[in-house]
Amino acid sequence: MADGSSAPRKSDLLWLLLMLAVLVATGVGTRAPWPADEPRFALIARDMVATGDWLIPRVGGNLYQEKPPFFFWLLSAFYTLTGSLKASFLLPSLFAAGTVLGLVYDLTRRLWSREAALAAAGTLAFTVQFVMTARSAQIDATLCALTTLSLYGLLRHLLLGPAWWWYFVSGLAAGLGVITKGVGFLPLLV
């Protein structure tokens with residue numbers, strides 16, 4: 001195992017941010033939500049902010065019980081910050097993609113090497129399905145980030161620990177994953 005105490009190089013982080021900006025962030029704020037789910041999700045967020053009812057998602061005044069609320073809370077928070085649905089509806093997926101890239105880089109660097117970490121994060125950043133998911137306002141990118149965070153916390157505890165703080169973070173991320181899409185508990189099966 002590599003020494004996990006060395007700080008990531010600023011140039012590595014800049015490369016990761018550049019990859020994220022070019023592959024995922026281009027176009028954020030320039031397109032409107034489009035079918036199938038994006039318009040509905042954006043309207044749920046708008047209605048949450050307009051009514052102040054952040055607890056129960058609604059669309060057109062009717063309960064929306066098809067998905068848990070966490071993703072809608074994120075959409076609503078970004079909508080509140082930006083004041084624009086067009087500018088905000090892709091931000092949760094963008095931040096989720098950045099989280100996943102950062103966690104993959106950091107864990108790989110701690111377990112193996114800086115070079116392996118750059119290769120792992122770079123390979124992920126150029127994976128078609130990852131980019132397509134990160135460039136859409138779907139729940140999957142957020143679930144992927146929470147699942148990755150949960151696994152990251154478990155692995156930090158089990159392989160580089162004991163690190164009880166990361167064990168707690170792992171459980172918290174799994175719990176948030178459950179209220180994101182229901183299957184967030186899967187990392188705990190490790």
Side-chain angles (χ1 to χ4, degrees), residues 20 23-25 28-29 31 33-60 62-82 84-107 121 124-125 127-157 165-190:
L20 186 67
L23 297 169
V24 178
V28 170
R31 75 169 178 88
W34 52 278
D37 294 326
E38 288 181 352
R40 179 175 49 250
F41 292 169
L43 291 176
I44 290 170
R46 186 196 65 193
D47 288 351
M48 279 183 161
V49 172
T51 64
D53 182 7
W54 287 56
L55 186 59
I56 301 170
R58 297 177 187 275
V59 63
N62 298 319
L63 291 177
Y64 184 74
Q65 301 171 350
E66 293 179 31
K67 304 288 183 195
F70 187 71
F71 180 70
F72 305 119
W73 295 339
L74 292 176
L75 286 172
S76 299
F78 280 113
Y79 175 56
T80 300
L81 288 173
T82 64
S84 165
L85 278 177
K86 195 174 185 179
S88 65
F89 81 100
L90 292 172
L91 292 179
S93 295
L94 174 64
F95 280 93
T99 299
V100 172
L101 284 175
L103 292 171
V104 166
Y105 170 85
D106 187 63
L107 188 63
L124 177 62
T127 302
V128 173
Q129 188 64 41
F130 178 79
V131 173
M132 287 174 50
T133 301
R135 291 181 60 89
S136 68
Q138 298 295 322
I139 296 170
D140 299 328
T142 301
L143 178 64
C144 181
L146 291 169
T147 301
T148 303
L149 179 58
S150 184
L151 287 169
Y152 176 91
L154 278 174
L155 294 173
R156 283 285 303 264
H157 174 69
W165 165 251
W166 284 111
Y167 187 73
F168 169 78
V169 168
S170 176
L172 179 65
L176 290 174
V178 169
I179 63 170
T180 300
K181 199 168 181 179
V183 295
F185 69 91
L186 289 175
L188 297 180
L189 297 179
V190 168

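- A distance of 10.0 Å separates CG in L103 from CG in L151, rounded to the nearest 0.5 Å.
- Y167 OH: 12 or fewer foreign heavy atoms inside a 6.0 Å radius.
- The line from CD1 of I139 to CG of L75 is 8.5 Å long, rounded to the nearest 0.5 Å.
- Residues satisfying the ring-ring contact (aromatic ring centres under 6.0 Å, His included) criterion with F70, sequence neighbours excluded, are absent altogether.
- In this structure, D37 CG and F71 CZ are separated by 9.5 Å, a value rounded to the nearest 0.5 Å.
- Taking the ring-ring contact (aromatic ring centres under 6.0 Å, His included) definition, one finds that W73 meets it with nothing, sequence neighbours left out.
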- Message: Run the side-chain contact (heavy atoms from CB on, under 4.5 Å) test on L143 and V183 for me, step by step, so that the C-alpha distance in whole Å, both residues' side-chain angles and the decisive distance to 0.1 Å come before the verdict.
- Response: CA-CA 8 Å; L143 178 64; V183 295; 3.6 Å; yes
- Task: Step by step, work out the side-chain contact (heavy atoms from CB on, under 4.5 Å) result for I56 and L63.
- Result: CA-CA 7 Å; I56 301 170; L63 291 177; 3.1 Å; yes
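- In this structure a side-chain-to-backbone donor-acceptor pair under 3.5 Å is present from S76 to F72.
- Put simply, the side chain of T133 gets close to the backbone of Q129: a donor and an acceptor are under 3.5 Å apart.
- Residues passing the side-chain hydrogen bond (donor to acceptor under 3.5 Å, both in side chains) test with R135 are T26, sequence neighbours excluded.
- In terms of heavy-atom proximity, P57 sits nearest to P69 at CG-CB, 3.9 Å.
- For the atom pair L176 CG and T142 OG1, the distance stands at 11.0 Å (nearest 0.5 Å).
- The backbone N or O of A87 lies less than 3.5 Å from a partner atom in the side chain of S84, making a donor-acceptor pair.
- Taking the side chain as every heavy atom from C-beta outward, Y105 and L124 never approach each other to under 4.5 Å.
- Contact detail for A134 and A97: the closest heavy-atom pair is CB-CB, 3.6 Å.
- Applying the side-chain contact (heavy atoms from CB on, under 4.5 Å) rule to S136 yields the partners E38, Q138; only residues at least two apart in sequence or on another chain are considered.
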- Message: Apply side-chain contact (heavy atoms from CB on, under 4.5 Å) to residues W54 and V49 and explain how you reach the verdict.
- Response: CA-CA 7 Å; W54 287 56; V49 172; 3.9 Å; yes
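- Rounded to the nearest 0.5 Å, atoms CE (M48) and OG1 (T80) are 10.5 Å apart.
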- Task: Dump the intermediate steps for side-chain contact (heavy atoms from CB on, under 4.5 Å) on H157 and L154, then the final yes or no.
- Result: CA-CA 5 Å; H157 174 69; L154 278 174; 5.8 Å; no
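- By the 4.5 Å heavy-atom criterion applied to side chains, L20 and L94 are counted as neighbours.
- The structure places CG of D53 at 10.0 Å from CG of D47, a figure rounded to the nearest 0.5 Å.
- Residues meeting the salt bridge (Lys or Arg N to Asp or Glu O under 4.0 Å) test with K67, sequence neighbours left out: none.
- The two residues L146 and A173 come nearest to each other via the heavy atoms O-CB, 3.5 Å.
- Contact of the L81 side chain with the L91 side chain is not registered, since no non-hydrogen atoms from C-beta on lie closer than 4.5 Å.
- Looking at C144 and D140, their side chains never come closer than 4.5 Å, going by heavy atoms from C-beta outward.
- Not counting sequence neighbours, Y79 has no partner by the ring-ring contact (aromatic ring centres under 6.0 Å, His included) test.
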